Amino acid sequence: MPQILFIEYDGTEHRVDTDAGRTIMQAATDNLVPGIDADCGGECSCATCHVFVDPAWLATIGGPGPQEATMLDLAPERQDTSRLGCQIEITDAMDGLVVRLPQFQM
């Protein structure tokens, strides 16, 4: 069972156990992680599940697809490591993944 570490903007950490096949957004909402609103329910149409992937994990996670990149353009704090949690499907290889939450989602 992969474990994901969510770090809020203020440094508060949330370690959650989740199942492979779920998304980062689902893992956060299933475990009541603050700052992941998931307003669109995972349809890649709002950017309220915006996360910053720890740079050490970028090769494992990969980059955003075209639709996700368009939605990320609407995110006020977009960075090179930005992804939408609804578009990252968790695999067993992601055990220990670290994602940070933007300030605007507090």
Side-chain angles (χ1 to χ4, degrees):
M1 177 173 281
Q3 186 178 81
I4 309 298
L5 174 60
F6 293 89
I7 304 174
E8 292 182 59
Y9 182 78
D10 68 2
T12 303
E13 295 184 355
H14 303 271
R15 291 183 191 277
V16 303
D17 294 319
T18 189
D19 295 317
R22 306 285 290 159
T23 65
I24 295 295
M25 180 210 72
Q26 290 168 324
T29 57
D30 289 350
N31 290 280
L32 305 175
V33 174
I36 300 288
D37 294 332
D39 289 343
C40 73
E43 297 297 320
C44 194
S45 63
C46 72
T48 61
C49 63
H50 181 201
V51 297
F52 305 125
V53 175
D54 186 277
W57 287 92
L58 287 178
T60 302
I61 300 298
Q67 182 180 0
E68 181 182 357
T70 298
M71 289 311 305
L72 283 167
D73 285 341
L74 303 174
E77 297 180 62
R78 184 177 184 171
Q79 299 178 3
D80 291 341
T81 62
S82 289
R83 291 292 311 270
L84 295 182
C86 68
Q87 298 301 298
I88 303 172
E89 185 174 322
I90 298 167
T91 67
D92 288 330
M94 293 178 192
D95 184 37
L97 173 66
V98 177
V99 296
R100 298 181 189 285
L101 306 178
Q103 181 178 15
F104 83 94
Q105 287 179 195
M106 290 182 66

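Since the model is a prediction, treat every value here as computed from it, not as a measurement.
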Trp57, Val51: one ILVMFWY side-chain cluster at the under-4.5 Å cut-off?
yes

Nearest 0.5 Å, what's the CE-CD1 distance between Met25 and Ile88?
11.5 Å

Which other residues belong to the hydrophobic cluster containing Leu84, where Ile, Leu, Val, Met, Phe, Trp and Tyr are joined when side-chain heavy atoms lie under 4.5 Å apart, directly or via other members?
Met71, Leu72, Leu74

Check the pair Ile7, Val98 against side-chain contact (heavy atoms from CB on, under 4.5 Å), reporting the backbone distance first and the verdict last.
CA-CA 8 Å; Ile7 304 174; Val98 177; 3.8 Å; yes

Worked check of side-chain contact (heavy atoms from CB on, under 4.5 Å) between Ile90 and Ile24
CA-CA 7 Å; Ile90 298 167; Ile24 295 295; 3.8 Å; yes

Residues Asp80, Leu58; criterion side-chain contact (heavy atoms from CB on, under 4.5 Å); working and verdict
CA-CA 10 Å; Asp80 291 341; Leu58 287 178; over 6 Å; no

When you measure from the side chain of Arg15 to the backbone of Gly96, do you find a donor-acceptor pair of N or O atoms at a distance under 3.5 Å?
no

So which atom in Ala93 and which in Thr60 form the shortest heavy-atom distance, rounded to 0.1 Å?
O-CG2, 4.3 Å

From CD1 (Ile36) to SG (Cys86), nearest 0.5 Å
9.5 Å

Between the side chains of Gln3 and Asp17, is a donor N or O closer than 3.5 angstrom to an acceptor N or O?
yes

Spell out, yes or no, whether Phe52 and Ile61 are grouped together once hydrophobic residues are joined by side-chain heavy atoms under 4.5 Å, including indirect joins.
no

Report the C-alpha separation of Val16 and Phe6 in whole Å, then their side-chain angles, then the decisive distance to 0.1 Å, and conclude whether the side-chain contact (heavy atoms from CB on, under 4.5 Å) test is met.
CA-CA 8 Å; Val16 303; Phe6 293 89; 3.4 Å; yes

Inter-residue atom distance Asp37.CG - Thr29.OG1, 0.5 Å rounding:
10.5 Å

Hey, does Thr18 have a side-chain heavy atom less than 4.5 Å from the side chain of Met1?
no

Has the side chain of Asn31 got a donor or acceptor atom that lies under 3.5 Å from a matching backbone atom of Val33?
no

Give me the atom names and distance for the closest heavy-atom approach of Glu89 to Met94.
O-CE, 3.2 Å

State the CZ-CG distance between Arg22 and Asp19, to the nearest 0.5 angstrom.
7.5 Å

Nearest 0.5 angstrom please: Cys44 SG to Gln67 CD, how far?
4.0 Å

Just wondering, more than 12 heavy atoms not from Arg100 lying within 6.0 Å of its CZ?
no

Just to verify, which of Glu77, Glu8, His14, His50 counts as forming a side-chain contact (heavy atoms from CB on, under 4.5 Å) with Leu101?
Glu8

What pair of heavy atoms forms the shortest contact from Pro2 to Ala20, and how long is it?
CD-N, 4.0 Å

Report yes or no: does Thr48 contribute a side-chain atom to a donor-acceptor pair with the main-chain N or O of Ala38 at less than 3.5 Å?
yes

